[in-house]
Amino acid sequence: MDSTTEILQQYLPQALWDTFKMVSISTIIGVVLGGLVGLILFLANNALFHKHEWLHKVVGFLVNALRSLPFLILLVTLLPLLALLLGDPYTPMGGAVALSIAAIPFFARVAESSFAEIDHGVLEASVAQGASTWLIITNVIIPESLPSLVRGIVLTIVSLLGYSAMVGTIGAGGIGDLAIQYGYNRYETMVLVVIIIILVIIVQIIQWLGDWIARYFTK
């Protein structure tokens, strides 16, 4: 127990901070770029907004191709690119880049589904009134889909939190790295137990906050 306490006191704060950085950066990039890709997929597949089947098929194929790769395979595949961009891919920033690439196609499909849930009659009314596509996006599509988007963001964060633990398998830092280096390799079972408990608590808090925010934006 003394050994476990020493390990946690010495390494847990930094591990939590590294995980926070990786998940935060990848969530922001994933939501912004993934949301944009999801919007393109939605607009390109909707007859109200100059439907482009070829664009929808091409973008959809790329999204599906990235989503079809298990994260660990994607991570290993990205290592040469991360080494070229960052010098040392085995860092929290390297993990953040890998998580971002995984988050973009994931959230793209989440966003597309959220936009598709909007009442078609509301969109038709907006188009009939002569509103521009940009005005419809900012005043109708995003506000109407906001509760669903918030839930999708929560789902993305929770998924990225799990992926960030996998990043630890290559020594890129974070809670996963702490669990592998000390909990598994050094047989400190209590380190693993504590990390699992912390992850469960973090996920519960994120889920509670997400549900509260989604209810707030629900009309």
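This is a predicted model, so every value here is computed, not measured.
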Nearest heavy atoms of A111 and G35, plus distance in Å: CB-CA, 4.1 Å
Rounded distance (nearest 0.5 Å) linking atom CD1 of I175 with atom CG of L16: 4.5 Å
Going only through I, L, V, M, F, W and Y residues with side-chain contacts under 4.5 Å, is there a path from I157 to I198? yes
Name all residues meeting the side-chain hydrogen bond (donor to acceptor under 3.5 Å, both in side chains) criterion together with E117; count only those two or more places apart in sequence or in a different chain, and write none if there are none. S148
Restricting to non-hydrogen atoms, name the atom on G95 and the atom on M22 that form the minimum distance, rounded to 0.1 Å. CA-SD, 3.9 Å
Evaluate the side-chain proximity of L209 to I205: yes if any heavy-atom separation is below 4.5 Å, no if none is. yes
Do D18 and D177 touch side chain to side chain, with heavy atoms closer than 4.5 Å? no
What residues, two or more places apart in sequence or in another chain, satisfy side-chain contact (heavy atoms from CB on, under 4.5 Å) together with S26? L99, S100, L160
Between CD on residue E144 and CD1 on residue I118, distance to nearest 0.5 Å: 6.5 Å
With sequence neighbours excluded, residues passing side-chain contact (heavy atoms from CB on, under 4.5 Å) with L161: T19, V23, S164, L199, I202, V203
Ignoring hydrogens, what is the shortest heavy-atom contact between G152 and V110? Give both atom names and the distance. CA-CG1, 3.4 Å
Check the pair L48, I136 against side-chain contact (heavy atoms from CB on, under 4.5 Å), reporting the backbone distance first and the verdict last. CA-CA 11 Å; L48 294 174; I136 294 174; over 6 Å; no
Hey, does L8 have a side-chain heavy atom less than 4.5 Å from the side chain of M190? no
Same apolar cluster (I L V M F W Y, side chains within < 4.5 Å links), L12/L192: no
Determine whether L36 and L135 fall in the same hydrophobic cluster, where Ile, Leu, Val, Met, Phe, Trp and Tyr are linked whenever their side-chain heavy atoms lie under 4.5 Å apart. no
Does F107 reach the side chain of L149, with side-chain heavy atoms less than 4.5 Å apart? yes
Can you find a pair of side-chain heavy atoms, one from I213 and one from V154, that are under 4.5 Å apart? no
To the nearest 0.5 Å, what is the distance between CD1 (I141) and CZ (F42)? 5.0 Å
Output the distance between atom NE2 (H52) and atom CG (N45), rounded to the nearest 0.5 Å. 12.0 Å
Can you list every side-chain hydrogen bond (donor to acceptor under 3.5 Å, both in side chains) pair that touches residues 122-137, not counting sequence neighbours? H120-E124
Sequence neighbours excluded, the answer for side-chain contact (heavy atoms from CB on, under 4.5 Å) partners of A214 is V150, R151
With sequence neighbours excluded, what pairs up with L33 under the side-chain contact (heavy atoms from CB on, under 4.5 Å) test? I29, I104
Taking distance alone, no hydrogens or angles, what donor-acceptor pairs closer than 3.5 Å link side-chain atoms of residues 57-65 to residues at least two apart or in another chain?
unit_1	atom_1	unit_2	atom_2	d
N64	OD1	R109	NE	3.4
N64	OD1	R109	NH2	2.9
N64	ND2	G60	O	3.2

Any link between I180 and L178 through a network of hydrophobic side chains (Ile, Leu, Val, Met, Phe, Trp, Tyr) touching at under 4.5 Å? no
Tell me which pairs pass ring-ring contact (aromatic ring centres under 6.0 Å, His included) where either residue lies in residues 18-37, with sequence neighbours left out. W17-F20
Who are the ring pair (Phe, Tyr, Trp, His ring centres under 6.0 Å) partners of Y182, not counting sequence neighbours? Y11
Using 0.5 Å steps for rounding, measure from the NE2 atom of H56 to the CG atom of L43. 10.5 Å
In the hydrophobic clustering that connects Ile, Leu, Val, Met, Phe, Trp and Tyr at side-chain heavy-atom distances below 4.5 Å, which members other than I196 occupy its cluster, ordered by chain and number? V200
Test: side-chain hydrogen bond (donor to acceptor under 3.5 Å, both in side chains). Region: residues 195-208. Which pairs qualify, not counting sequence neighbours? Q207-D211
